[in-house]
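When a residue number appears, it is its place in the shown sequence, counting from 1. These numbers come from the heavy atoms of this one structure, side chains and all, not from hydrogens, waters or symmetry mates.
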Amino acid sequence: MPAATDTQLSAGTQPTPLWAVNLFSFLNSFGTGVITTGIYLVTKNTYDFSRSMNYTLGVVTGITYVFSTLATGPVLARLKKRGIPLTGTRTMYTLMLLLAAACVLPIAGMKLQNLGPGQTPSSWPIWLLVLTYIPLTGILWPLVESYVSGGRHGEQLRSSMGTWNFVWSGATAVAFWTAAPLIESNAPLMILLLGGVHLLAAIALPWFTPEPARHEDDHEPHPPIYDKLLVTFRILLPTSYIFHTALQPFLPNAMSDLGLTISWQPIVLSVFAVARAATFFTAGRIHAWHGRWSAPIIGGALMFAGFAAALLSPLAATTERSTIGITVLVAGLAVFGIGMAIIYTAAIYYAMAVGKAEVNAGGMHEALIGVGYTVGPLCGLAPSLAIDAGKIAERGFEPFVLLSVGVIGVVAAGLVIQRVVKHA
């Protein structure tokens with residue numbers, strides 16, 4: 001992790017009101033959740049992306065996210081050293097304007113193309129959207145996380161992080177439900193409206209402190225076990241997002257194979273978001289998980305079981321619309337969401353408790369997520385390209401992805417078990 005930067009030097013110890021951070025996060029997550037997770041439904045149904053193109057889009061998303069999250073703290077510090085009066089709130093005002101502008105690209109591109117009936121639009125606006133929008137969110141979320149945790153400690157920090165996790169993840173579920181009709185009929189218009197949501201989020205910023213609050217030096221230090229658990233969850237966090245992003249580009253095709261219409265597909269995807277949000281809420285109210293080695297074991301096991309069920313659900317289809325396959329998919333997404341939420345909750349709590357709520361602590365947390373965003377799609381892209389080239393049969397896709405991601409999961413599990421045996 002990079003050393004502490006000057007971005008916190010002018011910060012006070014009074015935290016930003018949690019309601020303001022949650023309102024800001026809810027509205028922004030409403031937009032980012034649809035674009036980062038639901039973009040594959042848009043590209044497949046509006047721009048006729050193949051499975052391989054969707055996985056390529058996923059790889060590009062991950063790479064840009066990693067670079068932007070790691071650069072956030074150092075870049076903000078460098079700008080301030082040069083005398084630019086750039087506070088945390090001014091940065092976020094700027095980000096809201098840029099995110100809203102990026103959301104104009106798809107509908108503007110559609111207008112420029114003058115398409116006739118039944119014509120498939122060119123995909124360049126979507127690629128431009130991703131290359132603009134994703135790096136901006138990579139700057140946004142580490143900064144928001146530092147506002148959530150800054151000036152908060154112990155049980156107050158766990159409770160605040162739990163509430164915040166519930167809010168942003170719940171926004172993703174709500175976004176899928178409300179966006180479902182427009183994803184089917186007019187995806188560029190839906191993305192334009194999401195830009196308006198980003199602008200609306202700025203109404204919460206007047207209640208933010210100019211900089212995230214810093215931790216007081218004389219506060220009771222965190223228990224030593226937190227450092228060991230932080231390392232453990234930093235193994236599991238990117239692993240969970242490798243699983244997640246290997247699954248995302250695959251799901252539109254899988255749901256179509258199971259007979260689900262485009263109007264139902266966002267609803268089914270929201271099962272994951274609802275399960276994750278419910279787990280976040282529970283973890284924010286029940287604090288028995290912190291400082292315990294059972295959390296990484298349970299979270300990792302649920303993550304792998306849910307992923308395997310969701311990936312293999314099309315194989316359970318025996319008819320054109322398989323009730324069994326749909327049930328397996330829904331159950332798998334729910335279990336997967338619970339496992340990911342356990343891992344995410346612990347990972348961000350220990351990151352902020354050990355990292356003293358610095359922007360760099362959030363940046364490293366988000367960068368590890370970005371690693372998952374990159375490696376996961378690569379696990380699906382390789383077999384998808386091989387199928388396109390006729391090297392392997394279509395039925396080999398799911399086993400290949402499960403095997404490659406499974407190998408990563410086994411390695412991560414081995415490292416976690418080793419740490420549990422050593423430190424527990």
Checking the side chain of T69 only, and the main-chain atoms of Y65 only, is there a donor and an acceptor separated by less than 3.5 Å? yes
Would you call the rings of F26 and F30 parallel, tilted or perpendicular, taking 30° and 60° as the class edges? tilted
Quick check on Y93: does its OH atom have over 12 non-hydrogen neighbours (other residues, nucleotides or ligands) under 6.0 Å away? yes
Evaluation steps, side-chain contact (heavy atoms from CB on, under 4.5 Å), between L23 and L27: CA-CA 6 Å; L23 175 60; L27 293 171; 4.1 Å; yes
As an exercise, state the distance from CD1 of I343 to OG1 of T232, rounded to the nearest 0.5 Å. 11.5 Å
Does any non-hydrogen side-chain atom of L312 lie less than 4.5 Å from one of V328? no
At their closest point, which heavy atom of T61 faces which heavy atom of I134, and how far apart are they? O-CG2, 3.5 Å
Under a 4.5 Å cut-off applied to non-hydrogen side-chain atoms, are V21 and V144 in contact? yes
Take Y226 and Y349 through the test ring pair (Phe, Tyr, Trp, His ring centres under 6.0 Å) and record every step on the way to the result. CA-CA 9 Å; Y226 280 20; Y349 170 68; 5.6 Å; yes
Could you give me the CA-CA distance, side-chain angles and deciding distance for V148 and I348, then say whether side-chain contact (heavy atoms from CB on, under 4.5 Å) is met? CA-CA 11 Å; V148 177; I348 194 170; over 6 Å; no
Y55 side chain to A246 main-chain N or O, any donor-acceptor pair under 3.5 Å? yes
Of all the heavy-atom pairs spanning H198 and A100, show the shortest one and how long it is. CB-N, 4.5 Å
G332 and A309: which non-hydrogen atoms are nearest, and at how many Å? CA-CB, 3.8 Å
Nearest heavy-atom neighbours spanning A20 and A204: O-CB, 3.5 Å
Do R285's NZ or CZ and the ring of F281 fall within the cation-pi criteria of under 6.0 Å and 45°? yes
Would you say the side chain of R51 lies within less than 4.5 Å of the side chain of P252, judging by non-hydrogen atoms? no
What is the distance from atom CG of L251 to atom NZ of K44, rounded to the nearest 0.5 Å? 12.0 Å
Between T345 (side chain only) and I342 (backbone N and O only), is there a donor and an acceptor less than 3.5 Å apart? no
Carefully, step by step, assess Y241 and Y344 under the rule side-chain contact (heavy atoms from CB on, under 4.5 Å). CA-CA 10 Å; Y241 275 88; Y344 185 96; 3.6 Å; yes
Can you check whether W127 reaches V60 side chain to side chain, under 4.5 Å on heavy atoms? yes
Determine whether V405 and F307 make a side-chain contact, defined as any pair of heavy atoms from C-beta on separated by less than 4.5 Å. yes
Please check: side-chain N/O of S270 versus main-chain N/O of I267, any donor-acceptor pairing under 3.5 Å? yes
Pairwise distance CG(L378) to OG1(T56) - rounded to 0.5 angstrom: 9.0 Å
Quick one: pull up OG in S160 and CG in N165 and give me the separation to the nearest 0.5 Å. 10.5 Å
Heavy-atom closest pair (A202 atom, P206 atom, distance to 0.1 Å) is O-CD, 3.5 Å
Short side-chain to backbone donor-acceptor contact, R419 and K228, under 3.5 Å: yes
Backbone N or O of I387 within a donor-acceptor pair of the E394 side chain at under 3.5 Å? no
Least distance between heavy atoms, C103 atom then I35 atom: SG-CD1, 4.1 Å
Hey, is the main chain of T43 close enough, under 3.5 Å, to the side chain of T46 for a donor-acceptor pair? no
When the ring planes of F336 and H244 are compared, do they come out parallel, tilted or perpendicular, using 30° and 60° as the limits? tilted
Is a side-chain donor or acceptor of Q113 paired with a backbone partner of S122 at a separation under 3.5 angstrom? yes
CA sep, side-chain torsions, deciding dist, call: Y147, T89, side-chain contact (heavy atoms from CB on, under 4.5 Å): CA-CA 10 Å; Y147 272 99; T89 49; 3.8 Å; yes
Answer whether the closest heavy-atom distance between the side chains of V375 and P238 falls below 4.5 Å. no
Plane angle bin for F208 and F24 - parallel if under 30°, tilted between 30 and 60°, otherwise perpendicular: perpendicular
With a 4.5 Å cut-off on side-chain heavy atoms, are L136 and T132 touching? yes
Distance from D388 atom CG to L381 atom CG, nearest 0.5 Å? 9.0 Å
Do T64 side-chain atoms and P135 backbone N/O form a donor-acceptor pair below 3.5 Å? no
Should F233 and S240 count as side-chain neighbours, where that means a heavy-atom distance under 4.5 Å? no
Calculate, to the nearest 0.5 Å, the distance between atoms CG and CG belonging to L105 and L128 respectively. 4.5 Å
Would you find a donor on one side and an acceptor on the other, under 3.5 Å apart, between the side chain of S50 and the backbone of M53? yes
